[in-house]
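Worksheet for the structure shown next.
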Amino acid sequence: MKRPRISTNLAISADGKISSPAHAPSGWTSPGDKRRFLALRENADAILAGRGTLDNDRMTMTGPKNPLRCIVSRSGKLDPGHPIFSTPGGAIHLLVTGGPPPPVPAGVTVHTGNLPDFLLELAANHHVKNLHCEGGGELIRELADLDLVDDFHATLAGHTLFGGQEAPTATGTARDFLPATRHFRISHFEAHPESGECFVSYTRDRKT
């Protein structure tokens, strides 16, 4: 069974950190980064995010193709007042990885189990060919552990330093190395001196 092609997208500070409520607010980059953020959703059949990122950034996860809106959570606890539930868009799917799911808002399709099986189910039963993950770092770390990241998009925001040992990176907070090195090649690069940012895309090189 074939899984979806998986892309990720993050804004990364000069010291390799990503935003979190404790270290930087959502939207700390330029308007150009916001436009790119939305453009990267254009080919997505599904958008994926961890529940923490969903809550922190108040994401509604909409896109031109009306993508499925997929949330990963250990507990499955969702805020019924979150704007995702009052914003028109694709069907909402929740993967609960930590046990029996709690009650959820109306209209949410609940899945239990692990991330690889969920991805296969999205492909087989919901025709998802392109899945775009928007974080956070812990979820991207899990995808990288499983070697499931095909395209890695980043805004390199050299204008900002977060600092701090506990500040999260693109693969979560500091922990062990990946099981093996993942090699990527640059597929796109844009420098924007006026904002102090670079837009870069990498594609997984599976020949190495």
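As the structure is a prediction and not an experimental result, all values here were calculated from the model.
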Checklist entry - Can we say Asp147 and Arg206 salt-bridge, meaning some charged N sits less than 4.0 Å from an Asp/Glu carboxylate O? => result yes

Item to check | Euclidean distance, His82 NE2 relative to Asp55 CG, rounded to 0.5 Å | outcome: 5.0 Å

Checklist entry - How are the rings of Phe184 and Tyr202 set relative to one another: parallel (under 30°), tilted (30 to 60°) or perpendicular (over 60°)? => result perpendicular

Next on the checklist: Using salt bridge (Lys or Arg N to Asp or Glu O under 4.0 Å), reason through Asp151 and Arg204 one step at a time and then give a plain yes or no.
Outcome noted: CA-CA 6 Å; Asp151 300 289; Arg204 178 75 169 95; over 6 Å; no

Checklist entry - Just checking, is any N or O donor in the side chain of His159 or Glu197 under 3.5 Å from an acceptor N or O on the other one? => result yes

Next on the checklist: Within the 4.5 Å heavy-atom criterion, are Thr53 and Glu134 side-chain neighbours or not?
Outcome noted: no

Item to check | Residues that His153 engages under ring pair (Phe, Tyr, Trp, His ring centres under 6.0 Å), provided they are two or more places apart | outcome: none

Checklist entry - If you group Ile, Leu, Val, Met, Phe, Trp and Tyr by side-chain heavy-atom gaps below 4.5 Å, do Leu146 and Phe177 land in one group? => result no

Next on the checklist: If you define the side chain from C-beta out and look only at heavy atoms, does anything of Asp145 sit under 4.5 Å from Leu178?
Outcome noted: yes

Next on the checklist: Quick one: does any side-chain atom of Asp205 pair with a main-chain N or O of Arg185 as donor and acceptor, under 3.5 Å?
Outcome noted: no

Checklist outcome for this item: Contacts satisfying salt bridge (charged side-chain N to carboxylate O under 4.0 Å, His left out) that involve residues 60-89 (not counting sequence neighbours) are Asp45-Lys65

Next on the checklist: Determine whether a donor-acceptor pair (N or O, by modelled atom type, separation under 3.5 Å) exists between the side chain of Ser187 and the backbone of Ser201.
Outcome noted: yes

Checklist entry - Side chains of Arg35 and Ser30: is there a donor and an acceptor less than 3.5 Å apart? => result no

Next on the checklist: Checking Asp150 against Thr203 for the side-chain contact (heavy atoms from CB on, under 4.5 Å) test, could you report, in this order, the C-alpha distance in whole Å, the side-chain angles of both residues, the deciding distance, and whether it holds?
Outcome noted: CA-CA 6 Å; Asp150 299 297; Thr203 297; over 6 Å; no

Checklist entry - Nearest 0.5 Å, what's the OG1-CG distance between Thr8 and Leu48? => result 10.5 Å

Checklist entry - Is a side-chain donor or acceptor of Arg41 paired with a backbone partner of Pro64 at a separation under 3.5 angstrom? => result no

Item to check | Partners passing ring pair (Phe, Tyr, Trp, His ring centres under 6.0 Å) against Phe37 (at least two apart in sequence or in another chain) | outcome: none

Checklist entry - When the ring centroid of His192 is compared with that of Phe199, is the distance short of 6.0 Å? => result yes

Checklist entry - Out of curiosity, Arg51 CZ to Asn56 CG, how far, rounded to the nearest 0.5 Å? => result 9.5 Å

Item to check | Nearest-0.5 Å distance, CG of residue Leu120 to NZ of residue Lys2 | outcome: 12.0 Å

Next on the checklist: Has Ser13 got a side-chain atom pairing as donor or acceptor with Lys17's backbone, closer than 3.5 angstrom?
Outcome noted: yes

Item to check | Hydrophobic cluster membership, Ile18 vs Ile6, 4.5 Å side-chain cutoff | outcome: yes

Item to check | Interatomic distance, Leu10 atom CG to Leu156 atom CG [nearest 0.5 angstrom] | outcome: 11.0 Å

Item to check | Single-linkage hydrophobic cluster, 4.5 Å side-chain cutoff, Val128 and Val72 together | outcome: yes

Checklist entry - Does one hydrophobic cluster hold both Leu54 and Val104, with members joined at side-chain heavy-atom distances below 4.5 Å? => result yes

Checklist entry - What distance separates Leu143 CG from Glu138 CD, expressed to the nearest 0.5 Å? => result 11.5 Å

Item to check | Heavy-atom check, side chain of Thr97 versus side chain of Leu115, under 4.5 Å | outcome: no

Next on the checklist: Quick one, Thr109 with Leu94, criterion side-chain contact (heavy atoms from CB on, under 4.5 Å). Give me CA distance, side-chain angles, the key distance, then yes/no.
Outcome noted: CA-CA 6 Å; Thr109 299; Leu94 169 67; over 6 Å; no

